[in-house]
Amino acid sequence: MLDLDPTADPPDCAADGVWLTCIDCAEQFAPFDEIRYTCDDCDGLLEVRYANLPTFDDFEGRGVWRYADALPFDSGVSLPEGDTPLHDVPRLESDVGVERLRIKHEGMNPTGSFKDRGMTVGVRVATEMGVDRLACASTGNTSAALAAYGARAGLETLVLLPRGKVAAGKVAQASLHGARILEVDGNFDTCLDIVQDLASLGEAYLLNSLNPFRLEGQKTIGLEILEQFRDEEGTLPDRIVLPVGNAGNTAALYKCFRELEASGALDPDDVPALTGVQAEGAAPMVEAVEQGRTETRRWDSVETRATAIRIGNPVNAPKALPGIHATGGTAVAVSDAEIQRAQRELAEEGVGVEPASAASVAGLRVLRERGVVSADERVVCLTTGHLLKDPDAAAEAGKDAEPVPGTTDAVLEHLGT
Ligand SMILES: *Cc1c(COP(=O)(O)O)cnc(C)c1O
Ligand SMILES: [Zn+2]
């Protein structure tokens, strides 16, 4: 991946010190003159670049827009988002057996997932471009976030969902916030293929994580983790473990670290090891890391109860794989049973997450057992979505209700008192 050079002059195409660069051929483009999601020349992924890279001293205020100096605008379409808790989980920490374990609960964003961080920036860009229809393919949370932020901005939204494979809470959100919901006969990757076609035909503005501006918003997860951890622990985490679907977050965190390194705000030795976790039934990134490849192979058939990461063709792999390698991280696959166990363990500490989120903790446990993660590590696990997103999965993982008659005596008898 291309180095960031903080001393280079911005290219002529830059607007207010912001431009786009192709990660493959290094071609540069103006950021807002034309709608483009990939490189005109080679179809490579685009990355947002800045003439001025921020240090921690530049940040003020709260939430995603605290980090405006690291973003293409000073403000966005906001609900507001970010500022999520970094939970202590003492029992889980000693059970897994690491020096320190904190849970960055991104389920505490306005629509219940980290996707809000990307949308506050992405929808702001959409308003800048003057588009009138927004669209995404989604395993659920992107559609919920897009529907809410699109509604907030007064724009029409269209979401393509894999039929029967989206958790109930997410469909309900997209529906109530007024998105037009197309249930596609196919998996997420099919939905993304179609919505990319619609976007290139000019039918809609694409707000999947292929859109480089969304990743800018998601970058703030990394900035927030580093600041919170530093302020509360007096040091930085050795490792960040996160669930991987389209690998947008992995790419965004890596970009966060590269920019901080280039500005001198982060010592290269202090960069946390990016560690991705996938479900066994949808693990193309894990396969690529294990085989030392720089590209993923598309899995046409994927399955996992963790529907948010039921993805066989992670579009951001070319940005994310170099991040895993460069930070000394790794990737690991976990079973649905391991995910459910981790979901319960988090719930026992009062932290309610959806299945995909629990994959991070399940993956940490596996890597600790294998000795890949050592006992003296300080780790942050990212939990990406809220428990209520998937009420069916929560009920399956949790305790059954006990029917009782409607009298106190009968309830006391039932309790065995
Ligand atoms: C979108 C999502 C993911 C996957 O994130 P990527 O950036 O696509 O890798 C994981 N968990 C939840 C809950 C999500 O909504
Ligand atoms: Zn290119």
Side-chain angles (χ1 to χ4, degrees), residues 81-93 95-96 98 101-118 138-145 165-173 218 221 224-225 228 237 239-246 248-250 253 275-279 282 304-311 332-367 379-399:
E81 49 295 307
D83 228 340
T84 56
L86 188 65
H87 291 297
D88 263 326
V89 284
R91 279 165 285 174
L92 197 48
E93 176 183 273
D95 197 47
V96 170
V98 287
L101 176 59
R102 305 288 301 262
I103 305 294
K104 180 66 170 165
H105 194 10
E106 285 295 298
M108 300 304 285
N109 274 295
T111 78
S113 86
F114 73 84
K115 300 296 195 305
D116 297 343
R117 293 183 188 260
S138 179
T139 58
N141 283 330
T142 302
S143 72
K165 295 295 180 184
V166 179
K170 308 174 187 183
V171 186
Q173 288 178 289
Q218 290 172 212
I221 300 173
E224 239 177 68
I225 289 176
Q228 283 174 319
R239 186 180 295 273
I240 296 179
V241 186
L242 74 163
V244 175
N246 244 336
N249 255 346
T250 317
L253 285 167
T275 303
V277 186
Q278 294 193 300
T304 168
R305 188 68 185 75
T307 48
I309 51 172
R310 191 174 169 277
I311 292 176
V332 66
V334 292
S335 69
D336 282 5
E338 287 167 327
I339 289 174
Q340 194 185 62
R341 174 183 170 190
Q343 191 188 16
R344 275 199 208 103
E345 288 168 338
L346 282 162
E348 282 163 10
E349 299 260 24
V351 182
V353 308
E354 67 166 289
S357 307
S360 58
V361 170
L364 174 65
R365 186 183 281 283
V366 168
L367 291 172
V379 182
V380 173
C381 282
L382 203 65
T383 55
T384 39
H386 197 277
L387 176 155
L388 290 173
K389 289 287 194 171
D390 193 341
D392 300 323
E396 277 167 38
K399 286 191 172 153

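Given the structure is predicted, the values throughout are model-derived calculations rather than measurements.
Side-chain N/O atoms of Gln173 and Asn141 include no donor and acceptor closer than 3.5 Å. Checking Glu81 against Asn109 by side-chain atom types alone, no donor-acceptor pair falls below 3.5 Å. Side-chain polar atoms of Thr139 and Arg310 form no donor-acceptor pair below 3.5 angstrom. Ser357 and Thr384 share a side-chain donor-acceptor pair at under 3.5 Å.
Between Val380 and Pro237, the closest heavy-atom pair is CG2-CB, 3.9 Å. Nearest heavy atom pair, residue Asp83 against residue Glu224, reads N-OE2, 2.8 Å. Of all heavy-atom pairs between Ile339 and Pro355, the closest is CG2-O, 3.1 Å. In terms of heavy atoms, Arg117 sits closest to Thr84 at NH2-OG1, 3.3 Å. Scanning all heavy atoms of the two residues, the minimum distance from Ala358 to Ala342 falls at O-CB, 3.4 Å. Contact detail for Lys170 and Ala144: the closest heavy-atom pair is O-CB, 4.1 Å.
Of the possible polar contacts, none joining the Asp390 side chain to the Glu354 backbone as a donor-acceptor pair under 3.5 Å is found. A distance-only check finds no donor-acceptor pair linking the side chain of His87 to the backbone of Val89 [under 3.5 Å]. Judged purely by atom type and a 3.5 angstrom limit, Ser138 uses its side chain to pair as donor or acceptor with the backbone of Ser143. Side chain of Arg91 to backbone of Glu349: no donor-acceptor contact under 3.5 angstrom is found. Looking at Gln343, its side chain does come within 3.5 Å of a backbone N or O of Val353 through a donor-acceptor pair. Between the side chain of Asp116 and the backbone N or O of Thr111 there is at least one donor-acceptor pair closer than 3.5 Å. Between the side chain of Glu106 and the main chain of Ile221, no donor-acceptor pair closer than 3.5 Å is present.
Counting heavy atoms from C-beta on, the side chains of Arg365 and Glu338 never come closer than 4.5 Å. Looking only at side-chain heavy atoms (C-beta outward), Leu242 and Thr275 stay at 4.5 Å or farther from each other. The shortest distance between side-chain heavy atoms of Leu346 and Thr383 falls below 4.5 Å.
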Check the pair His386, Met108 against side-chain contact (heavy atoms from CB on, under 4.5 Å), reporting the backbone distance first and the verdict last. CA-CA 7 Å; His386 197 277; Met108 300 304 285; 4.1 Å; yes
Step by step, work out the side-chain contact (heavy atoms from CB on, under 4.5 Å) result for Val379 and Leu364. CA-CA 9 Å; Val379 182; Leu364 174 65; 3.9 Å; yes
Using the rule given for side-chain contact (heavy atoms from CB on, under 4.5 Å), can you reason through Arg102 versus Glu93, listing the C-alpha separation, both sets of side-chain angles and the distance that settles it, and then say yes or no? CA-CA 8 Å; Arg102 305 288 301 262; Glu93 176 183 273; 5.7 Å; no
From CA spacing to verdict: side-chain contact (heavy atoms from CB on, under 4.5 Å), Cys381, Val361: CA-CA 6 Å; Cys381 282; Val361 170; 4.1 Å; yes
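The existence of a salt bridge linking Arg344 and Glu348 is excluded, since no basic side-chain nitrogen approaches an acidic carboxylate oxygen closer than 4.0 Å.
Remark: Phe114 CZ to Thr142 OG1 distance equals 6.5 Å, nearest 0.5 Å. With rounding to the nearest 0.5 angstrom, the OG1 atom of Thr304 is 11.0 Å from the CD1 atom of Ile311.
The only option from Thr250, Asn249, Val241 that meets the side-chain contact (heavy atoms from CB on, under 4.5 Å) definition with Leu382 turns out to be Asn249.
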